[in-house]
Every structure is written in C-alpha cells, then in structure tokens.
Amino acid sequence: MNEGLPTYLLWSDAQREDRLRRNGLETLLAPAEGSGPGKGITGLSVAARSYKQYYRVRVFNLEVLEIRPLGTGAAMKPAALPPVIRAGVARGNAADEGTALADIALHDPEWMPRLFGEGGAAGEHSRSATPASSGRQRGAAGKIRDTAVRALYTLGLDSGEVLLKTLGGRRYRVDKVTPLRAGSGGVLPEPYRAASLALARSLALEPPGRPGLLMGMDPEFLLLRESTGRAVPASRYLPMDGVAGCDAGPPGTRGAFPVAELRPAPRGEPRALLAQLMSAARTADRLIPDRSLRWRAGGMPLPGWALGGHLHFSGVTLCAPLLRALDNYLALPLLLLEDACAAARRPRYGVLGDFRLQPHGGFEYRTLPSFLVSPVIAKGVVFLAHLIVSRYEDLTLRPLDREDLHAAYYSGDKPPLRAAFPPLAAQLRALPGYAQAARYIEPLFSCIAAEQTWDESRDIRGLWCGKLRTSERDMAK
C-alpha cells in the first residue's frame, strides 16, 4: 500500500503540482493535513473557495471506493446533493447511505449529467481527451474517477483521498491529496479495510509465475495516401469489429473511424499471441485492396494522430506494483526506441499508469505507442510484457519516481532515461523464464544500447504482410 509514500513526503507542494501538471492534470494543492468530510474545503484559502462543486474521492489500490459531493464552497448548502456514490467493495454495505442511487449512477450513464449537475451527454467514445482508468462508465462520474486515480498514481501513491473542484466543462482540479495511512494498531479505517482484505485474498490465489495469465492486444495504425499526405479512414475497408477493424480517432474525427486496429485473439503464451497477430495483419491486408496506401504506426506518425499499442491482461490481479513495473520495465525502454516525434502524444495520450478495467475481469494497459512499427519490436514487447506481469513482484526498481526522470519521460529526453536502463535490464535478465524469452527481448536491448530508434515514416505493410523472414531481420533504423 502506497509504496511511494516516503518519496511523496519528501516533495514540496510545488514539486507535487509540477508532477501532476506534467501528467496533464490541473491542480492547486493545499497542505494535506487533516481529512474527512468537509475538512478539504475549510482548509483551503478564501480565494480557493469559489462557488464550485467539490468532491471527496476515496481510492484504494487504484479503485475508487467512494465519491462524496461536498457542496459548492463554505457559504453553500450541499443538502440537495446525493450524499454518497460508492463503488467496488463499498457497494452493498447496508449501513452506507446513498447505495441505491450509487448503483444507478454506476450502471446507468443516462443519470450522470443529472447526478452531478453538469450538462453534456454521458458515454463519450473510448478515445476521449483523457483516457479512462475505470473503464466502467464515461461522463462526469467516469472523469471524476479517472482524475482521482490518476492524481494519486502520479504522486507515487495508490490509496488515499483526493479533493476535486469542478471547473466546468467536465474539468476537475486536484486541490488536495491525503495519502492513506493505518490508524492506531495498524488497522485501516473503513471502507479501506474491506478493500484491503479483498485484495489480499485475490493476490493469495495467484500461483508463482501466474500460469493462468492470458494476454491480448489492439495496436493501431493509420492508412496514408502519400500523394496527398492525408489519412484515409480505415472504416472504408475495415469493419467495426473483428480481428482487423477500425476505431475512432483524435477529437474532431468523430464518426469517421479513421484508425485501423489489429485485435488478435487472446492467448496464454506470447508465441501463440504473436501468431494470432500475424494472422490479423494478413486479414487486414486482404480487406484493404488499395496497395497505394501506406500503413503507418508508432506514437504519432502524422501530426495530431496519436496511436496506441494497448495490451490486455487477465488471470492476474491489477495492483499498483504491477502497474509501476509495466511503466518502469516496459514503457521506459520502449520510449528509448521511439521516434522523436512520438513524444508529442504525451500527456494527452501515453501517460504513465494509463489503464482501463475490462468487463471480462482483466485490465488494459494503454501507455505504449503502437509497436506495429516492426515485427521484431512487437515480438520483444509481447515477450517482455508477459515476463513482467508474470514476475512483477521481483521487479522493485522505480527510476520514474525520480523527478528528473519523470520529467524526461514526458519531454522525451532520452539520455537520462538511457542511463537508468542498465539496472532494469539486469533485473529482467535475472528473472525465472528470461532464458526462454531472451531471443525475442535481447534485440530490443541491443537497439537501446546502440541508441537506435524506429522510423514512423516507414510503410509497415510489407513488414507484416510481405516476406516475414526478411523483415524480422530488419530492425527499425
């Protein structure tokens, strides 16, 4: 619980604000002493107490347990507000107020605008400007969840209380963060205690090496008309669903579904998943008959077009140490390989710790750019991700907790990150199972050592649908 708390306590409020803003969050932090209903508001300065709605959000292990509206400043009465919105393990507690209303809020998005007093339709598309963390609903409640979880995670925490202020236009400012700490006798207060027990039970059921791990993905690519330099909507050729399909694009492209995706069937072994990815690429090749179109992948192969390489996991319990292991041991090395233009996708996309819970019980890790830039890179990413998730408890280094490296990640400044990589690689090489994955992961490490990067202006169609043996020897140059 809150493994980054010692580091968090060393930072000043100004440093905490810098970290949050780097991650794309709005913030004006007040001192974090005190907690509980109303204290987050009364502790703020008079200038900060404008007539805007406040929410107190309680989070445990990246999961929102409670959202409590606190009113609109010291002079306003919150009596007309719904008292509590609960989620996760907190739902179903008969002693809690507002449970029935909470269940409506969590499962019926049409209630969201009325519930929170904000206009606009709920249920934005999955590629909205701020990616979701919970994945259970969009609209105001989803944005509140995402902001609170993202704020804690950015500050090295995974459990605690966040005070958010409504700024209008479905924007929320982080005004206060209170890390969770055990009370007298080491006992957590409710609802954290129940959530902690549930997490411990879930983790205890996982055998070493997590042999039941299942992995999937949906990396994206663009179709480019080179003569005009414009993207061609993937929806002209690909269906909405299927192993090769289309998805929505950046804001302003709604309805066009311009982005292409490969969605291989999930598999328990990396080699089997990669075979499904190759098959999905060949399906896309058949469905897109226009051979003059170029396929582009990476982080931002065209200005304004951010692409992702989302990985899906089930058969493992999502917890903060797992997410931080993926950030430090996967996202950091992949950044060292990316084209310089890919840095422009952050912080709108590609932020550290970006995840989404899935209906099947697993989660989606959304931080990576599209690794379809090369079959060699894709193979390394898949084998490395599988190894990390299988053995994350042995991966304890957190270089991205350092302020200089956190800033370097978001700016795309590679030299300091490259200097931090060798200890990460050494820990990975020492893991059980690395020997079996080494032939796929070592090419990535070799390219990092040689300071090579991929080229996002390349046409990847031939790499995936041409003579694969030749292309697999051709690392991004």
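Starting from 1, each residue takes its place in the sequence as its number.
- Judged purely by atom type and a 3.5 angstrom limit, Arg345 uses its side chain to pair as donor or acceptor with the backbone of Leu307.
- For Arg193, the CZ atom is loosely surrounded, since the number of other residues' heavy atoms within 6.0 Å does not exceed 12.
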### Task
Let me see the working for Asn61 and Tyr192 under side chain to side chain donor-acceptor pair (under 3.5 Å), right down to the final yes or no.
CA-CA 9 Å; Asn61 184 46; Tyr192 300 109; over 6 Å; no
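- Scanning for ring-ring contact (aromatic ring centres under 6.0 Å, His included) contacts around Phe421 gives Phe445, with sequence neighbours left out.
- Between Glu261 atom CD and Asp218 atom CG the span is 4.5 Å, to the nearest 0.5 Å.
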### Message
For a salt bridge (Lys or Arg N to Asp or Glu O under 4.0 Å) check, start with the C-alpha distance between Arg398 and Glu3, then their side-chain angles and the critical distance, and finish with the verdict.
### Response
CA-CA 10 Å; Arg398 301 290 185 262; Glu3 66 176 46; 2.8 Å; yes
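- Residues forming a side chain to side chain donor-acceptor pair (under 3.5 Å) with Thr317 (at least two apart in sequence, or on another chain): Ser202, Glu206.
- For Glu269, the CD atom is loosely surrounded, since the number of other residues' heavy atoms within 6.0 Å does not exceed 12.
- The closest side-chain donor-acceptor pair between Asp354 and Tyr153, if any, does not fall under 3.5 angstrom.
- Atom CG of Leu199 is separated from atom CG of Asp158 by 9.0 Å, given to the nearest 0.5 angstrom.
- In this structure, Phe313 has its ring center closer than 6.0 angstrom to the ring center of Phe363.
- Using a cutoff of 4.0 Å between basic side-chain nitrogens and carboxylate oxygens, Lys165 and Glu26 are not scored as salt-bridged.
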For residues 334-344, dump all side-chain donor-acceptor pairs below 3.5 Å to protein atoms at least two apart in sequence or in another chain.
unit_1: Glu338; atom_1: OE2; unit_2: Arg346; atom_2: NH1; d: 3.3
unit_1: Glu338; atom_1: OE2; unit_2: Arg346; atom_2: NH2; d: 2.9
unit_1: Asp339; atom_1: OD1; unit_2: Cys341; atom_2: N; d: 3.2
unit_1: Asp339; atom_1: OD2; unit_2: Glu456; atom_2: N; d: 3.1

### Task
Tell me, with the steps shown, if Glu17 and Arg22 meet salt bridge (Lys or Arg N to Asp or Glu O under 4.0 Å).
CA-CA 8 Å; Glu17 287 183 341; Arg22 206 178 290 139; over 6 Å; no
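- Remark: side-chain polar atoms of Arg150 are paired, donor with acceptor, to backbone N or O of Asn23 under 3.5 angstrom.
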### Query
How far apart are the C-alpha atoms of His406 and Asp401, what are their side-chain angles, what is the distance that settles it, and do they pass the side chain to side chain donor-acceptor pair (under 3.5 Å) test?
CA-CA 6 Å; His406 190 264; Asp401 284 353; over 6 Å; no
### Task
Evaluate the criterion side chain to side chain contact (heavy atoms under 4.5 Å, CB included) for residue pair Thr147 and Ile144; output intermediate values, then yes/no.
CA-CA 5 Å; Thr147 304; Ile144 288 173; over 6 Å; no
### Query
Where do Asp13 and Arg16 land on the salt bridge (Lys or Arg N to Asp or Glu O under 4.0 Å) test, with the steps shown first?
CA-CA 5 Å; Asp13 282 338; Arg16 295 166 187 167; 3.2 Å; yes
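- Side-chain N or O atoms of Ser159 include none that pairs as donor or acceptor with a backbone N or O of Leu180 at under 3.5 Å.
- Ser370 places a side-chain N or O within donor-acceptor distance of the main-chain N or O of Glu220, the cut-off being under 3.5 Å.
- In this structure, a donor-acceptor pair under 3.5 Å is absent between the side chains of Asp146 and Tyr172.
- For the pair Arg68 and Tyr55, the cation-pi test (distance below 6.0 Å, angle within 45°) is failed.
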### Message
Run the side chain to side chain contact (heavy atoms under 4.5 Å, CB included) test on Glu63 and Leu357 for me, step by step, so that the C-alpha distance in whole Å, both residues' side-chain angles and the decisive distance to 0.1 Å come before the verdict.
### Response
CA-CA 10 Å; Glu63 181 77 7; Leu357 298 180; 3.3 Å; yes
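- Interatomic distance, CG of Leu214 versus NE2 of His386, reported as 8.5 Å (0.5 Å rounding).
- Side chain of Tyr410 to backbone of Leu352: a donor-acceptor contact under 3.5 angstrom is found.
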